[in-house]
Chemist: 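Pasting a structure below so you can have a look.
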Amino acid sequence: MEITTVGLNYLNNGYGLKSWLLTKDHKRIAILYLLSITGFFFLGGFFALLIRLELLTPAADMVQPDTYNKLFTMHGIVMVFFFLIPSIPATLGNFLLPIMVGAKDLAFPRINLLSWYIYVLGGAFTVVAAATGGVDTGWTFYAPYSTSASNSHVITAGLGIFITGFSSILTGLNFIVTTHRMRAPGLTWFRLPLFVWSMYATSLIMILGTPVIAITVLLVAVERGLHLGIFDPALGGDPILFQHLFWFYSHPAVYIMILPAMGVISEIVQAFTRKNIFGYAFVAFSSLAIAIVGFLVWGHHLFVAGQSTYAGLIFSILSFFVAIPSAVKVFNWTATIYKGAVSWDSPMLYAFGFIGLFTIGGLTGLFLATMGLDIHVHDTYFIIAHFHYVMVGGAIMGYLGGLHYWWPKITGRMYPEGWAKFAALTVFIGFNLTFFPQFIVGYLGMPRRYAMYAPEFQVYNVLSTAGATVLGAGYVIPMIYFIWSLKNAPLAGNDPWGARGLEWEIPSPPPTENFVVSPIVTEGTHQYAPSREVGIGH
Amino acid sequence: MFTNFPFFPQQASEQAAQVDAVYFFLVAVSAFFAALIAIFLAVFAAKFHRTHHDQVGDAIHGSIALELLWTIIPLGITMIMFVWGAQLFFHLTRAPKGAMEIYVVGKQWMWKAQHMDGAREINELHVPVGRPVKLIMGSEDVIHSFFIPDFRVKADVIPGRYNTMWFTASKPGRYHIFCTQYCGTKHSAMIGWVTAMGAADYETWLGGGARTGTMADAGAQLFQSLTCNTCHLETGQGRGPVLKGAYGKPVELEGGGTVVMDDAYLRESILMPTAKVVRGFQPIMPPFQGLVTEEQLLQLIAYVKSLGAQGPTPPGQPATQTPAGQPSAPPATPTPKQPGSGN
Amino acid sequence: MATEGNIHARPIAIQPAPAGPYVHEAHHPWLQHHFDSMTQQAEASTLGMWVFLVTEIMFFGGLFMAYLVYRHASPSGFQEASHHLNIYWGTANTAILIISSLTMALAVRSAQTSQPRGTQVLFLFLTIVLGLAFLGIKAIEYTDKFKDRIVPGPNFHWEGTHAKAAEQFYSLYFAMTGLHALHMIIGVGIMSVILVMAWWRIFDEEYYTPVEVAGLYWHFVDIVWIFLFPLLYLIGRHYHAG
Amino acid sequence: MSGHVAPKTMYYAVFLALLAGTGLTVAAAFFDMGAMNNVVMLAIASIKALLVILFFMHVRWSTRLTWVVVASGFFWLLIMFGLTMTDYFSRGWVEGTWR
Ligand code: HEA
Ligand code: HEA
Ligand code: CUA
Ligand SMILES: [Cu+2]
């Protein structure tokens, strides 16, 4: 059995469509996810471009307000539920987690495939909702607008989210069981790559939070369809309850988006400084801390929504607590670079970008957690800027960095480094040009979800639209050279970066069962120099 | 076209400067930390740039002292933010006693304001400068949010209940009102203007314009036309409890417990009378949910409130005249007898 | 300055595993290729089921949350509404589910101790029958509610004083018991599959994970009912008993 | 591979306890104990659930990990209930506002 797998890898082990659509190999499923997620990213980006074009002028002159409302709703839904939440976990996580723990596959390969199909089904619902006229509730589906007032395809889109939720749950379940039960001999918790820690923390949120959003959108659909009085005050319901239930999931969900990216950054920073992380335990546990404390802060979205002031106080202080582990991570990454052998390869550029932009995005989160200040900036472009800094500047930078870092492993080939550097720079510049002006216009008072806006806000919107085109171009470049590289780029070999970790010990692309011989792990990842007591600290 | 690059909205209320102060503090902290991280990254990236292919970094495992340092310092800073922000929040949400009250109703897609003396306006709000104004806000359909950027105040307007908000305008002028909670097609057109005017101008404004009488007047008429008066007799002989003088007092409930009769309770009592039944009465009052509009409801409430007022205070009087420490009954409620007095 | 080292000298991270307990335990036909041993496989499956049940807790939890909020908002309305539920049917169904949990537990035990297939199949069969009985009673109750027109919606009709709260109570009642019944239906489906597998003599002390995991699910659904019963049927019964 | 096999008598004992618990809650519901009614009702339900979890679902003999998983499920439920209810319970505590 060992002998037959030599020379065969997961890519050339069967070519037919069936061999892909019925595969149980986590690596192939990761590729399926990669393709579908990329599709949704460009769909969401397409909506974003239309949003930005409309906002070039104060009047609603390109599209009608109704259309605009559907645009940002579909943009938010697609980007959050169909792109960013599954992005790193379902692609890089699926591909790498079993390899990083030294296993042949995830614990439940069939469930893994099932979760992809569920994802596609949920996506189909959403695409149908979009194609047949769209939804206009905003991605937050606030009741009673969504349950009683809107006359768009709320139920269809809601079902799409409901269904996709199960894909997320099953992925999380698979990861948790795999991490607990499939680790190779010798691979103790404190030898795990930090990426695995972050996937584990993410999975916790997925299984504990996702069911709540599922039941919540189900209730919205039921109330809308059958006129049961659950959230609509006219029917005796309580709209604030909806907000509690929604954010009980959706705040932790923002950590579903950022934690995987943080895991990727931890790997990249170590690999490209050829240095083990500074403060391993702190970085590892801060992931868990974010996941757990992240569940206690959802009410910071409700400061001006009519939640009681005392509940607001609790949520505010807890929001500050949850910022601390993020700060710890940022400081530890920075300290890791000290006395490293720092390369400036493109993944590392993305890591630099991530750290800088996430810091800005995170720090502006503190503005929002400050209750008195949130009154002014709530539901303005300040919020839009905040979350695009963490989600686009943070999470997507991490995702792109990870894709570049592991691309050689996934495909067996390198990519053109010059172009990659150029793209990274374009994304960075375009991103800041798009979203920095939004902080200012937000503090000036421009509300979000506005098809028309007051003329004095225009100058910032023009800057922002200009930035978005640069940013869009920056995203298209990698797509082109990645596809090009599949046939034309030089072969990568096992370990093109000189990195340390189980995934770099096996051939690229990996064989079907990952390991020709079962590994035994004797030390943590990213041990480059022999351990000795140097530098700061003990 | 692009002549002005404003970085901050005007400070047109007494609260604005306080909000901006917190903002500046956070900007300063953020700038410091963002710069700190950026500088470290740049310096390390340059100084430790890999010089040859096989180079590896030092094996440094960490330092408890440093970890503590960069846990505790940010924690301390955020606690300052928390306390300051919380204090500001209390200040921004708790109207001073005796603030002038204006009712605001949001509906898709307009703002309707009713002044106590009966003046009404749509998508406009006239307020005097230098006097605390409290908005009592309700919605007829979905959630809206009332936002005046130049005043730094905002509150969601929720169907089925009242939310309040207050400010003291400090500078005469016209300022944007935005609806900031997404509410459908014309959400971005649900905008208006606050006009802040000097006290004298405000009185003149109140005097002009058509109106049918005070809110309480209108409420009194409704009280008749909706046949409330058939049960709620002033004599105490009716089938319903006496409402005169009841506002702001505790009410004993069937099945134990008491509630204080405030706007929210009045609202509930009229729309869903059986939710809380007054001790000693049968739950026979018909629910008026769906029979009265949000505005009529406010008028009814204003009327019941006026029955409970201790003594009539003419509108347009400075708040400071009101004795402090009165029960939560708003003092500036006019009686039907004195429509718009003081013009 | 950074250390000079040789990046090509790889630390020992991978070694061929010695032939030992991990790798080639006697190869059981039901051992999947990516597991090393039956124990590992069984532990993964039960852990997976437990994790899934946690998500189920949160899933039902959303409804319990709504229940809590609305009961807090109108306690007397909920009390009044609760009295229109049939306490006899409710109690009977509780008992039925408890019996089915017993038969389920015994079914697991019989597989675990390699009992003859007749025993295994019998317990599974009883479990299914009891599950169906539960669903039957639920159907009777639902029909009664339709007859009495206390199904939320435009035709909702309520005699008492708290019509709004009662409608809300019944919205929650149907949502919660409906979701629970759906879980019962799925459970019956699963048990039928397990029963067929037992008939094929698949389970013995070496391999009984599917029965065990399905049992976990069944017991969980029972637990949900253990909470639903008092919360829905038994509010303030002392006021006017009946 | 064989987990813990519990004696049949244990299953019957747990079963009887569960039936008894059911009878007890029904009976308790008919006594007026004020606020205690809810406490008693939930206490009995929790004990019954605990019995099922510990014995029927074999958690008593399971790994620590299983304990943690089970406990965390209920713990998170309490987080959701607890923090949401702090909002509802403290509504109107700040004088002169409805929040
Ligand atoms: C990936 C997504 C992501 C992430 C990681 C975060 C992270 C944080 N967010 Fe954000 N947030 C969103 C996505 C995200 N958010 C979205 C999508 C919305 C809007 C949803 C909608 O309404 O549509 C939102 C809205 C939002 C609000 C509601 C605002 C409103 O609607 O009025 C609040 C309020 O507290 C908030 C706070 C925070 C905080 C405190 C953090 C913290 O976790 C940040 C921690 C990080 C740092 C602090 C930076 C690193 C630290 C240092 C470099 C050291 C210095 C540190 C200190 C001095 C403490 N966010
Ligand atoms: C992961 C999440 C994510 C991501 C990646 C993005 C990416 C972007 N987003 Fe947004 N955004 C949200 C999540 C996200 N967003 C959410 C949750 C909301 C709130 C929604 C709501 O209010 O309900 C929001 C709202 C939002 C608004 C506010 C709308 C409003 O309130 O009125 C704006 C405005 O500028 C905006 C802009 C952008 C831009 C310019 C990008 C850019 O980064 C996008 C760049 C990408 C591209 C430009 C794609 C490139 C592709 C091409 C060029 C090819 C063209 C297309 C085809 C071939 C089909 N987003
Ligand atoms: Cu009203 Cu937005
Ligand atoms: Cu949040």
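Values reported hereafter were calculated over all heavy atoms of this structure, with side chains retained and with hydrogens, waters and symmetry mates removed. Quick note on labels: first sequence line is chain A, next is B, and so on, each numbered from 1.
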Chemist: Relative to chain B, which segment of A/Phe231 carries a heavy atom at a distance below 4.5 Å: side chain, backbone, both, or neither?
Modeler: neither
Chemist: So for A/Asn332, is it side chain, backbone, both, or neither that comes closer than 4.5 Å to the heavy atoms of chain B?
Modeler: both
Chemist: Mind checking whether A/Tyr450 and B/His187 have ring centres under 6.0 Å apart?
Modeler: yes
Chemist: Between A/Thr137 and chain B, with a heavy-atom cut-off of 4.5 Å, which part of the residue counts as in contact: side chain, backbone, both or neither?
Modeler: backbone
Chemist: Go through the atoms of A/Pro239 and report whether side chain, backbone, both or neither lie under 4.5 Å from a heavy atom of chain B.
Modeler: side chain
Chemist: Only one of A/Thr273, A/Ile337, A/Thr336 clears side chain to side chain contact (heavy atoms under 4.5 Å, CB included) with B/Phe44; which?
Modeler: A/Ile337
Chemist: On the 0 to 90° scale, with breaks at 30° and 60°, tag the B/Phe178-A/Phe457 ring pair as parallel, tilted or perpendicular.
Modeler: tilted
Chemist: Which region of A/Ala351, side chain (C-beta onward) or backbone (N, CA, C, O), has a non-hydrogen atom less than 4.5 Å from a non-hydrogen atom of chain B, or is it both or neither?
Modeler: neither
Chemist: Measuring heavy-atom distances to chain B, does A/Ala281 have an atom under 4.5 Å in its side chain, in its backbone, in both, or in neither?
Modeler: neither
Chemist: Could you tell me the separation between the OH atom of A/Tyr338 and the CD1 atom of B/Ile60, rounded to the nearest 0.5 Å?
Modeler: 6.5 Å
Chemist: Under 3.5 Å, is there a donor-acceptor pair between the A/Glu456 and B/His176 side chains?
Modeler: yes
Chemist: So which of A/Asp374, A/Asn276, A/Val330, A/Ile360 has the biggest tally of heavy-atom pairs under 4.5 Å with chain B?
Modeler: A/Asn276
Chemist: Using non-hydrogen atoms only, which part of B/Ala65 is less than 4.5 Å away from chain A: side chain, backbone, both, or neither?
Modeler: neither
Chemist: Taking every non-hydrogen pair under 4.5 Å, which of A/Phe321, A/Tyr453, A/Tyr280 racks up the most with chain B?
Modeler: A/Phe321
Chemist: Hey, what's the ring geometry for A/Tyr310 with B/Phe90, parallel, tilted or perpendicular (30° and 60° as the breaks)?
Modeler: perpendicular
Chemist: Taking the six-membered ring for Trp, are B/Tyr182 and A/Tyr142 ring centroids under 6.0 Å apart?
Modeler: no
Chemist: Which pair of non-hydrogen atoms, one from B/Lys154 and one from A/Val304, has the smallest distance, and what is that distance?
Modeler: O-CG1, 4.1 Å
Chemist: Once salt bridge (Lys or Arg N to Asp or Glu O under 4.0 Å) is applied, what residue pairs with a partner in residues 8-32 of chain B remain, sequence neighbours excluded?
Modeler: B/Asp20-B/Arg152
Chemist: Measuring heavy-atom distances to chain B, does A/Ile324 have an atom under 4.5 Å in its side chain, in its backbone, in both, or in neither?
Modeler: side chain
Chemist: Can you say whether A/Val377 sits under 4.5 Å from chain B via the side chain, the backbone, both, or neither, judging by heavy atoms?
Modeler: backbone
Chemist: Tell me the closest heavy-atom pair linking A/Phe367 and B/Val27, and the distance in Å.
Modeler: CZ-N, 3.6 Å
Chemist: State, to 0.1 Å, how close B/Pro149 and A/His376 come at their nearest heavy-atom pair, and which atoms those are.
Modeler: O-CE1, 3.4 Å
Chemist: Taking A/Arg448, A/Met348, A/His378 one by one, which has the highest count of heavy-atom pairs under 4.5 Å against chain B?
Modeler: A/His378
Chemist: Can you list every salt bridge (Lys or Arg N to Asp or Glu O under 4.0 Å) pair that touches residues 180-190 of chain B, not counting sequence neighbours?
Modeler: none
